[in-house]
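Both backbone and side-chain heavy atoms feed into the values below; hydrogens, waters and symmetry mates do not. Chain naming here is simple, since letters A, B, ... match the order of the sequence lines and numbering starts at 1 in each.
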Amino acid sequence: MTTQPPTQPPTQTTTQTTTEPQTAAKPDKNRYRKTLNLPQTKFDMKANLLQSEPQSLKRWQQLGLYAKLREERKASPTFNFHDGPPYANGSIHLGHLMNKCLKDFVVRSQTMLGKNVPYVPGWDCHGLPIEHKVMQAMQEKGSFAKLATMEVSQRDMIVRRECQQHAEKYIKLQAGQMQRLLTLADYDNPYLTMAPQYEASTLEVLADLLKAGLVYRAVKPVHWSIANETALAEAELEYEDREDTSVFVDFEALDADAVYDAFGLKQSAEDEADDESGDESTEASAPDAKPADPYAKKSRALPAGVRPHQKPCFMIWTTTPWTLPANVAVAVHPEVEYALVWIDGNVTVLASKLIEKVTQLARSEEVSVIATTTGDKLVGLRYRHPFVTSTPKCALQRACSLEKIWSVVPADYVTTEDGTGLVHTAPGHGTEDYQTGLKHALPVYCPVKGDGTYDSTVPEWLRGVNIWKANDAVVKHLRDSGHLFFDQKFMHSYPHDWRSKTPVIFRCTQQWFVSVTDESLRDWQGRPASMQQLALHAVREGTGGGDVPPVKFVPEWGRNRMRGMLESRPDWCISRQRAWGLPIPAFVLPLAANAHPDEEPAVLLTSASVRAVCEVLRSKGSDAWFAMPPEQLLASYDASKDPQLSPEMRHALAGGYASLKKTRDILDVWFESGSSWNSVLRARGLGYPADLYLEGSDQHRGWFQLSLLPALGATGQAPFRTLLTHGFMVDKDGRKLSKSRPDAARYEVDSLTNEFGVDVMRWWVSSLVYENDIKVDLTFFATAGESYRKVRNTLRFMLSNLFDFVPSTSTPQAERGVAQDGHCVSLASLSPTSLDAWVLGEYNALERTVVGALTRYDFQTAHKALFDFCNSTLSATYLAAIKDRMYCDKPDAPRRRASQTVLWDMLDGLCRLLAPFLPHTADEAFRALHKVPPTDTTTCVHLRTFLGARGTGDEVASAFGVKPDERWSKVFVLLDAAQGKLEKAKASGIENPLDAGVVLPNAGGVLDGFDLVELADLLGVSIVRADASATEPSVLDLRDDDKFPRCERSWKRDGTVRVRSDGGVLSDRDALAVGVA
RNA sequence: GGGCUUGUAGCUCAGUUGGCUAGAGCGCACCCCUGAUAAGGGUGAGGUCCGCGGUUCGAAUCCGCGCAGGCCCA
């Protein structure tokens, strides 16, 4: 290292001899530059992720990274992680970005821990949003009219084909986007809920539930289009203004005394007149001082608190008079105040708050409140239906009794905003009514047929009448019979069928349900249990009670949330009336010739019949259901051996299946995705249950619950051991993200990718506290970019100081144990008081922290530890301190080589720790460290493990077997104090730390054995001295060019600097390095 | 309206079972370096711990009532 540029010595010498004093003050700073070991690297400061990430991606694809890992790890312990399927529609958004990145952190960190992590990505393909979109497109194209002329199954097939193409298109798009996010998964073999294999496995689950006796058929109200005679989903409704008739109807009470008792009225008016004081009725009548009073004064109405002689009524209000034939109850709010009111000679009940509104509307003249009470007192009171006399039959209902028909029932949804506070309840024609009906075992009565006309169960004058025409007929009938209090036409917003633009109605149809409360399953002790009970048991608190430990929740509060949802869970309606889905393979039996016209035909759906159809669909796909006749679909079914059939059914099926009719229901898409534990984990032999499901917290009700329930029904075991949930994206003010934000385009994932790069976005995701709401803003990505650059630059600086370092092997010492070559220093031989030992100790701590955090899915802690290590431990401390030896020592000086060995090994480990978060950058740095030529695709950090994770299982050893001196923490306290003094010394003109020395107090020998040169390098000063008698650090002013000349090469004033044989002014170390005496 | 949940410097977050002067990083300001240079180092200023009330010797922390968000229901 004695080579000098030939032109330099003469010029240097002349200047130096003539102007010696100035040289010291202003030396030629570049004189020795070429003799330094300045850092060199091709690892760019600028990441250029937009170009370089796709190159990494391509390299990994050539390597076959996913397959290679499966092959290499097949004997390792498995981490079974199961992907929840996103919907195959549209481009991925910020939510997917976070979800997929978090999942990838799991996959990659578990992989780096040495596990085998098979991970199959999936897509949810069926369902209404796609079908709706396809239908709209067809409507716009004008191919809709043609469809209408076709046969149903033919029409369904055409729609299905379009839907499939749509799904395929978006799966391809999303898979590409997800891979661009550098996620590691089996993208060559994803699971698709529309794939024949998957469909067959879904039907297996249905068969299992049928076998357990958990599937039943019942009626339920749905939005119904009369024009198209089909059920509609929420997304297919358009709200338009429509004129309707609203009516106030008096339902006459059956037992007048019971009503008066409920209002606390005494037996007769005479009694009451004597006794003015003191009982409930007086109290109750007090509040009526306000609205009804003016009328009361001039009226001949009965005085308050007196029991009238006529029969009281319950006044209801409805905007759909055509549903009145189906009325079976009147609902009141138990806590609302109701009044018994005298209105123009009639006595009726309505909510106190609404008296004024109703009577003013009807222009009533005489209004007075007789008494008031609360809704709960009215519950159970009975009334006479204004025109229906025969009790309706319970169509296909599980629990139905006529006990409560035509009576007052409680309901929390009743308000006093509109109407009378008493709600006409027809369970066959409304969702809330239906819920109330189920709760009180009321008949779910729907006398309206699919074509919008009444069936034969209604009174003679309504039979066969179209319900819209029936509105007027009902009003007229009520008026004539004296039940009508008031009616008026009014405009309101009303749902319409998006295709026919006609108004829709609520109508009951037969649906398939899974019972969550039937105790037809067994718990772990063999006792009868319901799905709900098993589910609650699976998510119980604590660890005891059961053969399987309870599901773990991350965060823990998910357990409560899930439990609450399970407790209030109604039976699961698993059928839909659509084309794009997996058919429920049920068949309708023909009615016997002598059957009663109202008789429901029997339906075939048993475990065995489903399995028979299932085998056909497994090879041919669900289209076969539409294309093939029943006898072919049931080719392998033998009704005579089906234990689930009744003797009658078996008899009816004895003649073959040709006369069966296929039903048109499809499965709820949640049933499909909720069967993925069977269709993917079990069907592909990946192991059951999964170690982890990870989704947004909305899936506590969605996929998590709807996977848990069927899995318990079919296997008795929860499909997951741990549930991890993340929150939702909100804007920087914490508000819900709106799709119509003006800058929404910049938040498209593709756009973000182009602006920031994927590693930056992943770095951001890893910094999140994902359990809560996640605020997103472009500035956050910019901040993550800054932070990323800090890490990248740290890696770069480490690499650049290894330009002349040749490791003896590409395996770090942590993996191979000892140094084997003169270039490498044995880490075990490092002095505990050396800076190298200290930093390796810090690395060990980092790895413990990161591995521990990753194991707990606490990515933020890992992120923070990694950043702090790069930013503080390395960049600001260790790297800053070793710069002097790196640059100025002889290239092969032992302490330089020692630090290079440490740098090399630590960088190798650091790349591995960063790999789960920054797959591209970590691999790029790893390859640069190992000097891998671009043509080599086989060297890849993602095939390695964390240094401390070598060996088996979850045990994490310390990466490096060094034990730094315990006094280091005290030394750093001293250094901090010294730093403060240096800062103060700036006031006295010592602005450059190299112009300063520091005296450190060496009380109790804390500094004994420490290298004072290293401590000086840590402070950036020229000299450190230890003084046993000092109590606090002090600063030495070295700005004296005679006593402490500055070394021209290292710029240090270390006290050994003098003029050397080449005329240069150098310290001992630098003279040695340059090779001059 | 109900279940679960969040609210600590400008920003993102720590803050064990109540207990030193409430911490970190970023950002900002000032300074240094110019041999990591579209880099690097140092120092500093920033807080009604969402509000009100209570328990306590003592509350960011425990309890109650509010306010403002989020998810899922109704």
Side-chain angles (χ1 to χ4, degrees), chain A residues 29-30 32-41 43-46 333 335 411-413 415 431-432 435 553 555-570 696-702 704-705 725-737 764 767-769 771-775 777 779-780 782-787 789-790 792-801 860-861 863-865 867-868 870-872 874-877 879-881 883-884 886-888 976 978-987 990-996 1018-1020 1049-1051:
Chain A
K29 286 194 164 177
N30 287 324
Y32 289 102
R33 200 189 151 93
K34 296 238 161 116
T35 70
L36 296 171
N37 322 303
L38 291 183
Q40 302 169 21
T41 180
F43 188 87
D44 275 337
M45 189 182 286
K46 190 175 179 330
H333 194 292
E335 283 145 40
D412 288 338
Y413 55 80
T415 70
T431 316
E432 286 175 332
Q435 294 300 339
F553 285 80
E556 176 59 31
W557 52 256
R559 186 185 307 280
N560 275 338
R561 187 172 154 94
M562 185 117 180
R563 193 189 299 133
M565 288 169 173
L566 284 168
E567 279 164 355
S568 62
R569 153 102 242 167
S697 60
D698 55 338
Q699 302 303 337
H700 280 124
R701 179 166 285 272
F704 293 162
Q705 191 189 110
T725 50
H726 56 76
F728 282 76
M729 299 278 181
V730 293
D731 69 17
K732 67 177 183 354
D733 301 317
R735 308 285 160 135
K736 191 203 300 247
L737 281 187
W764 172 70
S767 77
L768 301 172
V769 179
E771 294 96 320
N772 303 328
D773 302 334
I774 293 100
K775 290 185 182 174
D777 192 77
T779 60
F780 299 171
T783 304
E786 289 297 311
S787 165
R789 280 169 54 196
K790 182 79 200 193
R792 181 179 180 86
N793 220 18
T794 303
L795 299 177
R796 175 175 185 266
F797 190 55
M798 293 171 85
L799 284 168
S800 68
N801 278 301
Q860 196 225 11
T861 295
H863 170 105
K864 214 167 200 167
F867 179 76
D868 286 348
C870 289
N871 187 35
S872 176
L874 292 178
S875 185
T877 310
L879 297 177
K883 263 155 85 163
D884 174 73
M886 285 296 156
Y887 297 178
C888 303
D976 274 352
Q979 197 68 256
K981 297 280 171 152
L982 282 167
E983 191 67 20
K984 282 188 187 130
K986 283 183 182 173
I990 311 174
E991 293 187 321
N992 185 341
L994 283 177
D995 286 338
L1018 280 166
L1019 287 168
R1049 188 163 174 273
S1050 67
W1051 305 333

- Note on the structure: Per the O4'-C1'-N9-C4 / O4'-C1'-N1-C2 angle with a 90° window around 0, B:G10 comes out anti
Would you measure the distance from the [atom1] atom in [N] across to the matching atom in [M] and give it in whole Å?
N     : M     : atom1 : result
B:C20 : B:G58 : P     : 15 Å
B:G15 : B:G7  : P     : 11 Å
B:G54 : B:A68 : C1'   : 23 Å
B:A24 : B:C67 : C1'   : 30 Å
B:C62 : B:G2  : C1'   : 26 Å
B:U16 : B:U8  : P     : 15 Å
B:U56 : B:C63 : C1'   : 12 Å
B:A22 : B:A60 : P     : 10 Å

Choosing from [options], which nucleotide comes nearest the side chain of [X]?
X      : options             : answer
A:R735 : B:G69, B:U34, B:U12 : B:G69
A:R561 : B:C73, B:G3, B:G40  : B:G3
A:S875 : B:G40, B:A38, B:C13 : B:G40
A:D698 : B:U37, B:C72, B:G70 : B:C72
A:N992 : B:U12, B:C32, B:G35 : B:C32
A:M565 : B:C72, B:C31, B:A39 : B:C72

From [X] [atom1] over to [Y] [atom2], what is the distance, rounded to the nearest 0.5 angstrom?
X      : Y       : atom1 : atom2 : result
A:E567 : A:M562  : CD    : CE    : 12.0 Å
A:Y887 : A:W1051 : OH    : CH2   : 10.0 Å
A:L36  : A:S1050 : CG    : OG    : 9.0 Å
A:E771 : A:E556  : CD    : CD    : 12.0 Å
A:D868 : A:S875  : CG    : OG    : 12.0 Å
A:S800 : A:M45   : OG    : CE    : 9.0 Å

- Message: Less than 6.0 angstrom from the centroid, inside 45 degrees of the normal: does A:R561 satisfy that with respect to the ring of A:F704?
- Response: no
Sort me out a list of protein N/O and nucleotides 26-29 of chain B N/O pairs below 3.5 Å, or just none if empty.
| unit_1 | atom_1 | unit_2 | atom_2 | d |
| --- | --- | --- | --- | --- |
| B:C26 | OP1 | A:N871 | ND2 | 3.4 |

Do [X] and [Y] touch side chain to side chain, with heavy atoms closer than 4.5 Å?
X       : Y      : answer
A:F797  : A:T41  : no
A:R735  : A:V730 : no
A:I774  : A:F728 : no
A:D412  : A:H333 : yes
A:L1019 : A:P993 : no

For [X], report the nucleic acid contact type (base, sugar-phosphate, nothing); a contact means any heavy atom under 4.0 Å.
X      : answer
A:R563 : nothing
A:T41  : nothing
A:P555 : nothing
A:K984 : nothing
A:Q860 : sugar-phosphate
A:G734 : sugar-phosphate
A:A880 : nothing
A:N793 : base
A:K736 : sugar-phosphate

- Message: Could you tell me if A:R1049 and A:T35 have a donor-acceptor pair between their side chains, going purely by distance under 3.5 Å?
- Response: yes
Any-strand Watson-Crick or G-U partner of [N], both distances under 3.5 Å:
N     : value
B:C4  : B:G70
B:A59 : none
B:G25 : B:C11
B:A38 : none
B:A45 : none
B:U16 : none

May I have the distance from [X] (atom [atom1]) to [N] (atom [atom2]), rounded to whole angstrom?
X      : N     : atom1 : atom2 : value
A:L737 : B:C71 : CG    : C1'   : 13 Å
A:H726 : B:U5  : NE2   : C1'   : 16 Å
A:D884 : B:C33 : CG    : P     : 17 Å
A:R569 : B:A74 : CZ    : P     : 10 Å
A:Q699 : B:C72 : CD    : P     : 9 Å

[X] side chain near [N] phosphate (N/O to OP1/OP2, under 4.0 Å):
X      : N     : value
A:R789 : B:A39 : yes
A:Y887 : B:A36 : yes
A:K864 : B:C13 : no
A:R792 : B:A38 : no

Between the protein and nucleotides 43-45 of chain B, which nitrogen or oxygen pairs come in under 3.5 angstrom?
| unit_1 | atom_1 | unit_2 | atom_2 | d |
| --- | --- | --- | --- | --- |
| B:U43 | O4' | A:E983 | OE1 | 3.4 |
| B:U43 | O4' | A:E983 | OE2 | 3.4 |

- More 5' along RNA chain B: A:K883 or A:F728, using each one's nearest nucleotide? A:K883
- Name the residue closer to the 5' end of RNA chain B, choosing between A:S1050 and A:D773 according to the nucleotide with the nearest heavy atom. A:S1050
- Query: Taking the six-membered ring for Trp, does A:W1051 stack with B:G35 (centroid gap under 5.5 Å, planes within less than 30°)?
  - Reply: yes
- Message: Among A:R569, A:H700, A:Q699, which residue satisfies the side-chain hydrogen bond (donor to acceptor under 3.5 Å, both in side chains) criterion with A:Q705?
- Response: A:R569
